[in-house]
There are 2 protein chains.
Amino acid sequence: MRRVSIADVATGAGVSISTVSAALNDVESARISPRTRDRIRQVAGDLGYVPNGLARNLRRQRSGIVGFIGDEVATTPFAVRMILGAQEALREAGLLMVLMNSQGDPALEAREIAALRQQQVEGILYASMYHRRLDPPESLRGVPTVLLDAESRDPAVSWVVPDEVAGARAAIDELVTHGHRRIGFVNNEEDIPAARLRLRGYRAALKRAGIGADPALVRIASPTVEGGYGAARELLARRDRPTALFYFRDVMAIGAYQAAREARLDVPADVSIVGYDNMPHVAEGLFPGLTTVELPHYEMGAWAVRQLLASNSGGAGPGRHARLRGKLIRRGSVSAPPRPSGG
Amino acid sequence: MRRVSIADVATGAGVSISTVSAALNDVESARISPRTRDRIRQVAGDLGYVPNGLARNLRRQRSGIVGFIGDEVATTPFAVRMILGAQEALREAGLLMVLMNSQGDPALEAREIAALRQQQVEGILYASMYHRRLDPPESLRGVPTVLLDAESRDPAVSWVVPDEVAGARAAIDELVTHGHRRIGFVNNEEDIPAARLRLRGYRAALKRAGIGADPALVRIASPTVEGGYGAARELLARRDRPTALFYFRDVMAIGAYQAAREARLDVPADVSIVGYDNMPHVAEGLFPGLTTVELPHYEMGAWAVRQLLASNSGGAGPGRHARLRGKLIRRGSVSAPPRPSGG
DNA sequence: GTGAAAGCGCTAACAG
DNA sequence: CTGTTAGCGCTTTCAC
């Protein structure tokens, strides 16, 4: 079963290969008669002809592929959405995506980038596993690059990250709208942009709502179920306990459900909870479902591709960037606060 | 900044392009003198020459790429491990992976497979989002294919799935080893291979341990936190409550923690829990950490690649398959059962 | 030891 | 309207 080439189709249809090429590619300038065109199409179909992309790409001097390289992306459940967003945008543009993973090893990363360059990739999407600032690796120089979920120290390189401030604000606004005024925030103890920016958003939203900040209601904890549980335990044990809790992360919010259950407090009647991440299988699986802020991973993937394509066609330019908003996903964990029980 | 080609290197080194090619590829038969070879290497380095993979592949008649196509893989947090396992195995073989996602749309899937064929992929990894039986799509005919996390109805196609029976057995063995004899099983209510096979493993392990099966201890529930919670509530309320619970899925086991907390039962002192999936951020984030059976996604990805490469070099053959064991991950949710409180 | 030449399968000028 | 021709950049006989 030898592969059928354009020559076979030409022979079969009794025309030259250039006619076949023009007919199959609908080349306007080459005015092929409808009859010949149909005949060629017919023969090509019968033979099961599939143009050889290798030859085509070599001739066209474009590979039609874009590289996606992640550090430890594979360890986060959100990575897939980013990849998906990029892949679908690429599909629309008729491009393919080659996926690589560097495991955070710079030497390996350099080899992978070399392999991508060798394949003449038209651009590289360089994804971080979490929102941070970084220097694009030297080996990317000369290849159009967009950073995903990372801010570039090099202003020439484009990047896209979530708008953490807006996300936190959306969460707090949702609680304020339901009438809450004592709103706790359990932040990630790690010193990363997301933690700093969500805290800023939390404060900004409270301020705008005319609610004074009570430092006692802001806790930091390890980004685990246990961390979230411990913080909730403390906050819910207070005489003036908050009527709502905003969590840095859905996983931490699981701990809040547990603490509430233990304290015989109902979610949301006694305490409303808002998370962050919209973690698959978790946020919607909790009961009541966890209201949470979705990270715009899909959108970041798509944005990065569009930016890549734009910079490819246009000139080089200085590099652009975006902070994308995540949607607030409303589920059952937020309601009006309980009426004060006297005192 | 034009791309430097082999011709530039040849000119620079004062030799012909064939000599450059032979030198750079260490072709034994062409006996290049060490001096020329070094000179060529030097010039190539200085010029930053990178061979054009497109041209090389066209000439060699192999693309060096393998396609990975998933249905809704992108929606599951485990997909990444499968992709990672495949990617690393491919890297060792010097191959690249093109990633596609069909979203479960057969028409789209056919187009994507066509695009992969056009790129002359050397094989396709066809991944399912969960363990099931399926018919490989018609469009894959003629391309070496391996199914991941799916059993093929077509015996000509190779496949790899988790060994669900062994996984469940490992979970129960762990509990039995710790002294448990009343072990509940909360299964997924969905009628899928994983549910049937894990039940079989549960029963087999009990039998082998000489423990009679008590149908009252087997429940089915929706595969959510809530489903797991409801089942745990019922089971833990029984007079003769089980001392250990085995869950179809980590997410469901979260509900068990909540039910236990509510019933003032300690995990693991009063009730031991074993999950399934080793869900990232969840299993290790719970407290105590959830002992669970890891799905061999990484290994499935790697196995599939090896099988693909083997079938590529060897003849076609009838298609092979494997059921891979997942590891039991021990954390803090299992201990010896409580001493019976009288009765 | 090294070079000339052919050709992978295709597209795109240009002729006719 | 259709065919001829010239490559895309590389590898690989086969001469010398």
Side-chain angles (χ1 to χ4, degrees), chain A residues 2-41 43-44 47-65 94 114-115 117-122, chain B residues 2-41 43-44 47-65 94 114-115 117-122:
Chain A
R2 223 188 87 265
R3 194 135 239 149
V4 353
S5 84
I6 196 172
D8 302 320
V9 180
T11 310
V15 294
S16 76
I17 60 164
S18 28
T19 307
V20 174
S21 174
L24 260 27
N25 292 320
D26 283 321
V27 177
E28 297 293 345
S29 56
R31 327 211 71 256
I32 311 290
S33 82
R35 276 189 50 251
T36 346
R37 216 205 44 192
D38 291 349
R39 183 157 36 90
I40 291 172
R41 286 249 147 90
V43 174
L47 262 46
Y49 169 65
V50 177
N52 183 323
L54 262 37
R56 163 179 288 177
N57 291 338
L58 173 60
R59 173 64 229 229
R60 285 190 177 157
Q61 293 291 79
R62 36 186 319 245
S63 63
I65 78 184
R117 300 187 81 123
Q118 179 153 343
Q119 279 301 312
Q120 317 293 113
V121 291
E122 301 185 15
Chain B
R2 222 186 88 267
R3 194 135 240 151
V4 354
S5 83
I6 196 171
D8 302 320
V9 180
T11 310
V15 294
S16 76
I17 60 165
S18 22
T19 306
V20 174
S21 173
L24 260 28
N25 291 321
D26 283 320
V27 177
E28 297 293 345
S29 55
R31 325 213 70 255
I32 312 289
S33 82
R35 277 189 50 251
T36 2
R37 215 205 46 192
D38 290 349
R39 183 156 37 91
I40 291 171
R41 286 249 147 91
V43 174
L47 263 44
Y49 168 65
V50 177
N52 183 323
L54 263 36
R56 165 178 288 176
N57 290 339
L58 173 60
R59 174 63 229 231
R60 287 190 176 157
Q61 293 292 81
R62 35 184 319 240
S63 63
I65 77 183
R117 299 187 81 122
Q118 177 152 346
Q119 279 302 312
Q120 318 291 114
V121 291
E122 301 185 14

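So that the names make sense, note that chain A is the first sequence line, chain B the second, and so on, each numbered from 1.
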B:Arg60 CZ to C:dG9 P: how many Å, rounded? 16 Å
Polar side-chain contact A:Ser18-D:dT4 base: donor and acceptor under 3.5 Å: yes
Looking at D:dC1, I'd like to know if its phosphate oxygens (OP1 or OP2) sit under 4.0 Å from a side-chain N or O belonging to A:Thr19. no
Whole angstrom is fine here: how far is it from CG in A:Leu58 over to P in C:dA12? 12 Å
Please work out if A:Val27 contacts a base, only the sugar-phosphate, or nothing of the nucleic acid, heavy-atom cut-off 4.0 Å. nothing
Sorted by number, residues from residues 47-55 of chain A placing a heavy atom under 4.0 Å from DNA chain C are A:Tyr49, A:Pro51, A:Asn52, A:Ala55
Should A:Asn25 be listed as having a side-chain N or O under 4.0 Å from OP1 or OP2 of C:dT11? yes
Between C:dT2 (C1') and B:Ile6 (CD1): distance, integer Å: 14 Å
Residue pair A:Leu24 / A:Arg41, side-chain heavy-atom distance below 4.5 Å: yes
Side-chain contact, heavy-atom cut-off 4.5 Å: B:Leu54 with A:Ser63? yes
Tell me whether A:Ser21 contacts the main-chain N or O of A:Ile17 through its side chain, where contact means a donor paired with an acceptor under 3.5 Å. no
Determine the contact category for A:Ser29: base if any of its heavy atoms lies under 4.0 Å from a base atom, sugar-phosphate if only primed atoms, P, OP1 or OP2 are that close, otherwise nothing. nothing
Reckon B:Arg56 has a side-chain N or O less than 4.0 Å from the OP1 or OP2 of D:dT11? yes
Report the distance from atom CZ of A:Arg31 to atom C1' of C:dG16, rounded to the nearest whole Å. 17 Å
Phosphate OP1/OP2 of D:dT11 contacted by B:Gln61 side-chain N/O (<4.0 Å): no
How many Å lie between CG on A:Leu24 and P on C:dT11, as a whole number? 8 Å
Measure the distance from CG on B:Asn57 to P on C:dC8 and round it to the nearest whole Å. 16 Å
